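Here the structure is laid out as structure tokens; the discussion comes afterwards.
Keep in mind that what you see is a predicted model, and the values were worked out from it rather than measured. When a ligand or atom number is given, it counts from 1 through the structure's own listing order.
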Amino acid sequence: MTRLKPGDIKDIDAWLTRCDQELKNKTGCSLTGIACHALDCREDVFRKKISSVSVGVVPIASGQGIIGGFSTAVCAIAAHIGARAFVTGRHDVAGIAEAAGKGADVILMADDHRFVALNIREGRTVDNAEATALGFVAGLDLIAGGLKNKKLLVIGCGPVGRFGVFAALKRGADVSVFDTVSVRANRLKNEIEEKLKTSITIENQFHPALKKYSYWLEATNSSGIIDETVITPQTYIAAPGMPPGVTAPAAAALGNRYLHDPLQTGVAVMVAAAAPAKIRNNHG
Ligand code: PYL
């Protein structure tokens, strides 16, 4: 998992201020709307109930330690979708105890290996990789006018790409995958065949593959692998990968056909998915 840098998340407050309009221009939905689309729950009901959910964000100092601004950014995103969110004054176990003592329903915390939302009332965990994949596939579904029967290329078969394949298949997409490490692509193909009794296609050559697909989920930790020379007017990219796999000129060429953020979509879906069941079980 790529470790975010303080520079990646320094402008999240400003982004949240303008994000809903940008997202509405691209997807027709706000950040809350994308989270609800990802989880197939009704936004109007969700918005009424989410304010009852208390979210404690706990800085974790283990391993490489605390990332400046990370907990504050996570808290701002949780508050932006309507939860009552706070960052604990203490970190690690003392912070978890503080969050529970302050009545948190959900605790958000990340070490070097996992970033989870833990619903301490229901004993449920939501992982950032799965939530990020659900959110970006939902966003791509919205900007593409529906992924059903559309050929989608998932670039990167790591945790986010893998969950992205499951999410895209669930939306009826015809999924292909590419990974620089072929064993990862083959392992994912075998898992899909075993668990879902369906098949995905493995693309073995990156640039020739790009020419064959209009819809891409870029889920790698490779910077700048997609430049403006491979973008066409029919290209739609959802790009959760960090650092950004799409160059700035390519992003400019894509305009409203491009979704990327370093943390927001994943955290919004984590909080929504970890919220008590009574808030989410109102299918659209
Ligand atoms: C959750 C992000 C998304 C991409 N990479 C993941 C990452 O940076 N993980 C490490 C997060 C460490 C947080 C640190 C703190 O400030 O609590 N332990």
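In summary, Arg187 and Glu191 do not engage in a salt bridge, as defined by a charged side-chain N under 4.0 Å from a carboxylate O.
Distance check, rounded to the nearest 0.5 Å: CG of Leu259 to OG1 of Thr265 gives 7.0 Å.
Within 4.0 Å of ligand 1, the residues that place a heavy atom are Met1, Thr2, Arg3, Leu4, Pro59, Ile60, Gly65, Ile66, Ile67, Phe70, Ala110, Asp111, Phe115, listed by chain and number.
Of all the heavy atoms in His260 and Pro244, the pair that sits closest is NE2-CG, 3.6 Å.
Pairs of residues two or more places apart, or lying in two chains, that qualify as ring pair (Phe, Tyr, Trp, His ring centres under 6.0 Å) and include a residue from residues 92-126 are Phe70-Phe115.
Residues forming a side-chain contact (heavy atoms from CB on, under 4.5 Å) with Glu193 (at least two apart in sequence, or on another chain): Lys189, Asn190, Ser199. Applying the side-chain hydrogen bond (donor to acceptor under 3.5 Å, both in side chains) rule to Thr2 yields no partners; only residues at least two apart in sequence or on another chain are considered.
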